[in-house]
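Here the structure is laid out as structure tokens; the discussion comes afterwards.
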Amino acid sequence: MSHDAKLAYMANQIGKFFAHQPADQAVDSIADHLLKFWDPRMRRAIVVHIEQSGEAGLDPRVLKAIEKVRAHDRQKTAVVAR
Amino acid sequence: MELIKETDYGTPAAKSDKTVTLTIDGFGVTVPEGTSIMRAAMTLGVQVPKLCATDSLAAFGSCRLCLVEIEGRAGTPASCTTPVAAGMVVTTQNDRLARLRRNVMELYISDHPLDCLTCSANGNCELQDMAGAVGLREVRYGYAGENHLAAAKDESNPYFTFDPAKCIVCSRCVRACEEVQGTFALTVDGRGFESTIAAGMAESFLDSECVSCGACVQACPTATLMEKSLIEAGQPEHSVVTTCAYCGVGCSFKAEMRGGEVIRMVPYKDGKANHGHSCVKGRFAWGYATHRDRILKPMVREKITDPWREVSWEEALGRVASEFKRIQATYGRGSIGGITSSRCTNEETYLVQKLVRGVFGNNNVDTCARVCHSPTGYGLKTTLGTSAGTQDFDSVEEADVMLVIGANPTDAHPVFASQMKRRLRAGARLIVIDPRRTDLVRSPHIKTDYHLPLRPGTNVAMLNALAHVIVTEGLVNRDFVRERGDARSFAEWEHFVAKAENAPEAVASVTGVPAETVHAAARLYATGGKAAIYYGLGVTEHSQGTTAVMGMANLAMATGNIGRRGVGVNPLRGQNNVQGSCDMGSFPHELPGYRHISDGATRALFEAAWGVHLESEPGLRIPNMFDAAVDGTFKGLYVQGEDIVQSDPDTKHVTSGLAAMECIVVQDLFLNETANFAHVFLPGSTFLEKDGTFTNAERRIGRVRKVMPPKAGMADWEITLAIAQAMGVPMHYDHPSEIMDEIARLTPTFTGVSFKKLDEVGSLQWPCNAKAPAGTPIMHVGGFVRGKGNFVVTEYVPTDEKVGPRFPLLLTTGRILSQYNVGAQTRRTDNVVWHEEDRLEIHPHDAEERGVRDGDWVRLASRSGETTLRAKITERVAPGVVYTTFHHPDTQANVVTTDFSDWATNCPEYKVTAVQISPSNGPTEWQESYRDMAEKSRRIDVKVPATAAE
Ligand code: SF4
Ligand code: SF4
Ligand code: SF4
Ligand code: FES
């Protein structure tokens, strides 16, 4: 598995664990997990991966969660830059 | 320093709350009901002569040396087998008793060699002591009669000898093997004068089922069973109490010394984890500490293809600092990191994470727990609130039912396994969930009620099925759940597990276990009294490892089996200090005490104490480090005492990551496999060479005490300090106790811990603080640490590592008793007589289909890679499943394991790999090229003779 494919695979794995939760809650749980346990470079890599190859086989909720993570990271970078 | 000699009370302590008062030799004494007269006398300091009694064994009453007189009773009863009674008046010494005892001794001595002066037990022989104690002055029978003096010695065991000529047939060894160890390897053969001690079916010790635990050697009052190291070196003159550095049981030992040389390691009776018992590793396998392979000089090289060059500490440390700084300047602050060792002390792992966070300025720190028990941390914290097991070991003594999942305690946690077996022999019931028929399933005098040999990778389906039965058959402990559980999460969970898809009937095709067995096991767990779960890496090392841990916590909460003695959810930890290294903040997302790095208040606390700024984002976990290395964003690594190349999955991926890095610093005892990829080697120290603490699987913090100076000049904690210093950020500690003081100041669960307190009380179980000054043997009493118990829905998601036509078998991996993990230590001891190589266990049916015979070389191939090893045909594994260990670098079992991992923690899925087996006639190309590479990589130029303590 390429590194990008592996990240996508891992993100989907997380998604599956929270699959039983209602959609909004699941998106929050997945995003929370990524923020708590993934090094920022892994989060950046998966964002870039999606930018380059579309949905990249990611579960829709996982995609939404990554979107949230991206927003969070952007805001944080902005705060740090300020 | 002196030689510690624990008092032998002759018989075990009685466990009654009621007391009895009696008079012995004119002195009054009050003892618990059920105490023997012998023990009561000893509490007064009156030593009744004895031979067949010792306080680790039930009284037997065979030698008749311990006779006493009791007022109002006829005869002279044995004091070891006679319990005290209220008002009893006992005499332990008078002319009549003395005469009787002398007669007994005379008989013993008439059949015993009189070579006391040259005997290895000279100075420490109970027979000698008793001859003295009873005043034996002559042996009227002479020595001409029939005797056993010419009997041949058995020297087959590498660590101890059996010299039957010196045996007095007191049967202490036989009883120790039964009662203490639970192996039943010894018997008394014959009767009366003819009786002798025999191992197995009159085999040699080595050929018998003896597991070399040493219990018999310790129990033997004569030189009959004696350590070879002691025979060679003579009696020790001082001893130091310390903690075993092998497994998570954390046994206490006395290192018995002569000068700076270890003569033997003897399990310490006051050790709270082992109560005087041991296994072959801790007891005997310490010879690696002085093995000639040990590297005692720092070494450096430019490229990993160069030979090593021995250098001064200064040069080596200077290289580490300049390289790490250069890499950070070129690739960024996050391009380096460190790995703490679960083999090192708490103080040492704490320092490594402090170095990474405080000096490297990032959170790229991880530990080998990543690849074993990281799911335990996540799973138990989410459900119960603490990343640790719930019980002390002794709690098992009250368990009515044991549910053992994915653990093989007789091999991996032998001393605790003996304790479990003792309880099982006393009637506790047993459920084993394991693909393999482990020794626990078939142990002498133990009956497994249910063995559920599930297919590897289906733990979660199985746990859900058990939960389904409990919920649908009305076996939930409603009162407990109402009072202690979170109502909303319980309702969700209950609804989930009750679904038909979780019924044992529905999952039988997945797990391979008949539904009725699952029903029966669930009923037993829920209704059989106090039920305790014990689990190991067979639970955690899966893509759903964390889910399974939560599944077990759910079961325990739903049945009320948590928060008191005899119950609980208990991880059996692999390495000696896995618990400790996790506690000490070795994970990239957590500061010491399991506080998330994003938590500003905790960060502020550490920032103030360390005088640095801390990064608030989590760092890379070990598998992520390899990925980042391949990607080019991770370039420098400090590895303290861990062999990631051999122990981590998918070796080819690991090695390509390491090969892409620019500075790898390995701190270890030996040039391990990871050192093949290193640029700097810093010689580490063994547990005998430093002070510190280890924390065992029951959260017990025990002292590690230095018995000799570090052979390479520095203890591991000093090396980490020197790196910090070289990087320009000195840390100031003169002794590991000061590091613990800092940990205590900064970690709420450790505030009551200090070396001083540990020296006073022996050991402490965290949380140890103002609320629990004496520590906490059992957690979650009266309430969960997180408040209400959180039930978590645990949907079964099958692993993507699937069997198919090309790879039709499932490989699962594990350990055996005599070897330890990557074997770096045990392979350098005589333990190799029990395990020279890794073997592949395969079911006769699968072997026959492939034309494989026992002992044949076979090729073991998976989607990741292939290796060769020899086959062992056995019905221990089910058809379709094969099993091997990973103790030997020649086999490199991890070449075949995949990089699938746990969803939450990235703990690798070691336990499930789809493989194919075929006959083979030799090593694979990979094995050969790896061996070549390793050999080249280990070349050392300019080898100057090593001096101790440079
Ligand atoms: S070997 Fe030692 S312990 Fe065993 S019966 Fe003989 S003297 Fe007693
Ligand atoms: S070493 Fe242990 S297993 Fe072996 S005979 Fe002695 S007590 Fe039994
Ligand atoms: S059980 Fe574990 S801690 Fe105890 S002696 Fe054996 S290896 Fe050491
Ligand atoms: S010590 Fe009591 S009979 Fe042997």
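We name chains A, B, ... by the order of the sequence lines, and we start the count at 1 in each one.
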Which portion of B/Asp627 sits near chain A, non-hydrogen atoms under 4.5 angstrom
both
Part of B/Ser543 lying under 4.5 Å from any heavy atom of chain A
both
A/Phe17/A/His33 under side-chain contact (heavy atoms from CB on, under 4.5 Å): CA gap, chis, key distance, verdict:
CA-CA 11 Å; A/Phe17 178 77; A/His33 189 92; over 6 Å; no
Sort by residue number and list every residue of residues 35-44 of chain A having at least one heavy atom under 4.5 Å from chain B.
A/Leu35, A/Lys36, A/Phe37, A/Trp38, A/Asp39, A/Pro40, A/Arg41, A/Met42, A/Arg43
Is there a side chain to side chain donor-acceptor pair (under 3.5 Å) between B/Tyr594 and B/His589 once you walk through the steps?
CA-CA 9 Å; B/Tyr594 303 99; B/His589 65 281; over 6 Å; no
By number, which residues in residues 18-32 of chain A have some heavy atom less than 4.5 Å away from chain B?
A/Phe18, A/His20
Would you say that more than 12 heavy atoms from the other residues, nucleotides or ligands in this model lie under 6.0 Å from the CZ of B/Arg863, or not?
yes
If you tally heavy-atom pairs under 4.5 Å between each of B/Ile597, B/Asn362, B/Thr633 and chain A, the highest tally belongs to B/Thr633
Please flag which part of B/Asn906 lies under 4.5 Å from any non-hydrogen atom of chain A: side chain, backbone, both or neither.
side chain
Contact summary for B/Gly337 and B/Val356, nearest pair of heavy atoms
C-CG2, 4.3 Å
Part of B/Glu492 within contact of chain A (heavy atom distance under 4.5 Å):
side chain
Distance-minimising heavy-atom pair for B/Leu637 and B/Ile644:
CD2-CD1, 4.1 Å
Taking the side chain as every heavy atom from C-beta outward, state whether B/Ser864 and B/Val896 have any pair of such atoms under 4.5 Å apart.
no
Salt-bridged, A/Glu51 to A/Arg70, with N to O below 4.0 Å?
yes
At a 4.5 Å cut-off on heavy atoms, which part of B/Phe900 comes close to chain A: side chain, backbone, both, or neither?
side chain
Under 4.5 Å to a heavy atom of chain A? For B/Asn363 that would be neither
Between B/Met550 and chain A, which part of the residue has a heavy atom less than 4.5 Å away: side chain, backbone, both or neither?
side chain
Chain A contact via B/Val793 - side chain, backbone, both or neither, heavy atoms under 4.5 Å:
both
Would you please say whether a donor-acceptor pair under 3.5 Å links the side chains of B/Glu617 and B/Ser598?
no
Proximal component of B/Phe587, with respect to chain A [non-hydrogen, under 4.5 Å]:
neither
Determine whether the side chains of B/Tyr796 and B/Asn502 contain a donor N or O and an acceptor N or O closer than 3.5 Å.
no
Starting from the C-alpha separation in whole Å, work towards a yes-or-no answer on side chain to side chain donor-acceptor pair (under 3.5 Å) for B/Thr799 and B/Glu909.
CA-CA 9 Å; B/Thr799 170; B/Glu909 186 163 55; 2.8 Å; yes
If you tally heavy-atom pairs under 4.5 Å against chain A, which of B/Asp800, B/Thr905, B/Asp902 wins?
B/Asp800
Can you confirm whether the side chains of B/Thr794 and B/Asn464 place a donor and an acceptor under 3.5 Å from each other?
yes
Strictly distance-based, threshold 3.5 Å: is any side-chain N or O of A/Ser2 a donor or acceptor partner for the main-chain N or O of A/Ala5?
yes
Can you say whether B/Val630 sits under 4.5 Å from chain A via the side chain, the backbone, both, or neither, judging by heavy atoms?
neither
Using heavy-atom distances under 4.5 Å, tell me whether B/Phe634 contacts chain A through its side chain, its backbone, both, or neither.
both
Decide yes or no on side chain to side chain donor-acceptor pair (under 3.5 Å) for B/Thr546 and B/Trp903, but give the supporting numbers first.
CA-CA 8 Å; B/Thr546 296; B/Trp903 67 269; 5.0 Å; no
Within a reach of under 6.0 Å around NZ of A/Lys64, are more than 12 heavy atoms found that belong to other residues, nucleotides or ligands?
no
Run the side-chain contact (heavy atoms from CB on, under 4.5 Å) check on B/Thr382 and B/Asn790 step by step: do they pass?
CA-CA 7 Å; B/Thr382 308; B/Asn790 183 26; 4.0 Å; yes
Determine yes or no for a side-chain-to-main-chain donor-acceptor pair under 3.5 angstrom, with B/Gln328 supplying the side chain and B/Phe360 the backbone.
yes
